[in-house]
Amino acid sequence: MKFRFYQLLYVATLVLTVLALVEPVASFTSTEGALSVMSNFKYTDLATSNTSFSVVALGVVLIFTGIVSLLSLFLSFYSNFELQKRTTILTMLLFAGYYILFLVYTLVLSDGASLNLDVPMLYPFFGITLNLFAFLLVRRQEAKIIAKALGFRLRD
C-alpha cells in the first residue's frame, strides 16, 4: 500500500474535528459583566452556574463530520476515488452547516451580549480548507491513473 498526501489531510481534518469537539468555542459577556461560555455540547452561565444542553446539535454535527472524515480515510486505503470525492464534499458541507447552526445559536443566545470567539471556532474552517485540498489531490490521482490506463491501449 502506498501512502498518499491526501490521507494525511484526512487525518489532520479528523484531529481538528476532535479538538473542536472538546474545547469551548465562544463566550458571551453581557452588559452587566456576566460571562457565559458555549461549548459544542453545553451553554454555561458562569454568574448563576446554570448549564443548558440546548446546543448539543453543534456537537452532533461535529461527531457526524468526524465519522464521515474517518470513512474518507478508510476509503482512501482502497483507492475508491468516487466515494472519496463524495465523502470529502459531504464533510465540507457538514462543516458549513456547523457554521450556519452556530450562527443561529449565537443569535438566539446572545440576548444583547457581546460575543468573543475562541480559537477552536476556526478549526472547522481549517477542516474545510484541508478537505478542499484533499478533494483536488484525489481528483489529480484519479486523472493520473486514467491517463496511465489509456496510454497502454493495444491497437490493431
Side-chain angles (χ1 to χ4, degrees), residues 1-30 35-46 48-111 113-146:
M1 181 172 36
K2 198 173 176 185
F3 173 75
R4 294 181 179 90
F5 185 66
Y6 56 83
Q7 292 172 335
L8 182 65
L9 294 178
Y10 287 142
V11 170
T13 302
L14 197 57
V15 168
L16 285 174
T17 304
V18 170
L19 286 177
L21 268 170
V22 297
E23 296 181 16
V25 292
S27 60
F28 298 98
T29 307
S30 68
L35 186 67
S36 302
V37 176
M38 182 170 77
S39 67
N40 288 309
F41 291 103
K42 63 183 177 178
Y43 177 77
T44 306
D45 186 8
L46 297 178
T48 60
S49 297
N50 289 337
T51 301
S52 172
F53 294 98
S54 61
V55 294
V56 75
L58 289 171
V60 171
V61 169
L62 280 181
I63 288 173
F64 190 63
T65 304
I67 291 170
V68 172
S69 183
L70 190 63
L71 177 66
S72 298
L73 179 64
F74 286 140
L75 288 172
S76 69
F77 295 141
Y78 297 105
S79 297
N80 191 343
F81 297 118
E82 275 304 311
L83 280 178
Q84 271 181 265
K85 290 190 293 187
R86 290 177 185 174
T87 55
T88 304
I89 290 171
L90 180 61
T91 304
M92 288 189 287
L93 289 174
L94 284 171
F95 277 136
Y98 172 80
Y99 278 123
I100 292 169
L101 195 60
F102 176 77
L103 180 66
V104 168
Y105 280 132
T106 306
L107 292 175
V108 169
L109 294 174
S110 67
D111 202 29
S114 64
L115 173 68
N116 301 320
L117 295 176
D118 293 334
V119 175
M121 193 63 217
L122 293 175
Y123 293 164
F125 176 73
F126 295 144
I128 290 172
T129 307
L130 291 175
N131 273 309
L132 179 64
F133 288 137
F135 179 79
L136 295 174
L137 288 173
V138 167
R139 242 182 32 181
R140 179 202 247 169
Q141 185 72 29
E142 182 183 24
K144 281 182 184 178
I145 290 174
I146 290 172

If I compare all heavy atoms of [X] with all of [Y], which pair ends up nearest, and what's the gap?
X: Leu62; Y: Ala20; answer: CD1-CB, 3.9 Å
X: Ser39; Y: Val55; answer: O-CG2, 3.7 Å
X: Asn131; Y: Thr88; answer: O-CG2, 3.1 Å
X: Ala96; Y: Ile128; answer: N-CD1, 4.1 Å
X: Met92; Y: Leu132; answer: SD-N, 3.7 Å
X: Tyr98; Y: Met121; answer: CE2-CE, 3.8 Å

Side chains of [X] and [Y]: does their closest heavy-atom pair fall under 4.5 Å?
X: Thr17; Y: Tyr123; value: no
X: Phe5; Y: Phe133; value: no
X: Asp118; Y: Val25; value: no
X: Gln141; Y: Ser79; value: no
X: Ile63; Y: Phe41; value: yes
X: Glu142; Y: Gln84; value: no
X: Leu115; Y: Phe28; value: yes
X: Leu137; Y: Arg4; value: no

Separation between [atom1] of [X] and [atom2] of [Y], rounded to the nearest 0.5 Å:
X: Thr91; Y: Leu94; atom1: OG1; atom2: CG; result: 6.5 Å
X: Lys144; Y: Ile146; atom1: NZ; atom2: CD1; result: 13.0 Å
X: Phe95; Y: Thr65; atom1: CZ; atom2: OG1; result: 5.5 Å
X: Leu21; Y: Leu58; atom1: CG; atom2: CG; result: 10.0 Å
X: Leu46; Y: Thr51; atom1: CG; atom2: OG1; result: 8.5 Å
X: Leu117; Y: Phe102; atom1: CG; atom2: CZ; result: 5.0 Å

**Asked** According to the interplanar angle, ranging from 0 to 90°, do the rings of Tyr10 and Tyr6 count as parallel (below 30°), tilted (30 to 60°) or perpendicular (above 60°)?
**Response**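 Perpendicular.
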
**Message:** Within a 6.0 Å radius of atom NZ on Lys85, are there more than 12 heavy atoms belonging to other residues, nucleotides or ligands?
**Reply:**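 Enclosed: over 12 neighbouring heavy atoms sit under 6.0 Å from NZ of Lys85.
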
**Asked** Is the count of non-hydrogen atoms from other residues, nucleotides or ligands lying under 6.0 Å from Asp111 atom CG greater than 12?
**Response**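 12 or below, so no.
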
**Prompt:** Between Ser69 (side chain) and Gly66 (backbone), is there a donor-acceptor pair under 3.5 Å?
**Reply:**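 Checking the backbone N and O of Gly66 against the side chain of Ser69, no donor-acceptor pair under 3.5 Å is found.
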
**Asked** Are any side-chain N or O atoms of Ser114 and backbone N or O atoms of Thr29, one a donor and one an acceptor, separated by less than 3.5 Å?
**Response**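 Here the side-chain-to-backbone pair exists.
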
**Prompt:** Quick one: which of Thr87, Thr13, Asn80 gives a side chain to side chain donor-acceptor pair (under 3.5 Å) with Ser72?
**Reply:**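 Of Thr87, Thr13, Asn80, side chain to side chain donor-acceptor pair (under 3.5 Å) with Ser72 is met by Thr87 alone.
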
**Request:** Verify side-chain contact (heavy atoms from CB on, under 4.5 Å) between Tyr78 and Leu83, making sure each step is shown before the conclusion.
**Result:** CA-CA 10 Å; Tyr78 297 105; Leu83 280 178; over 6 Å; no

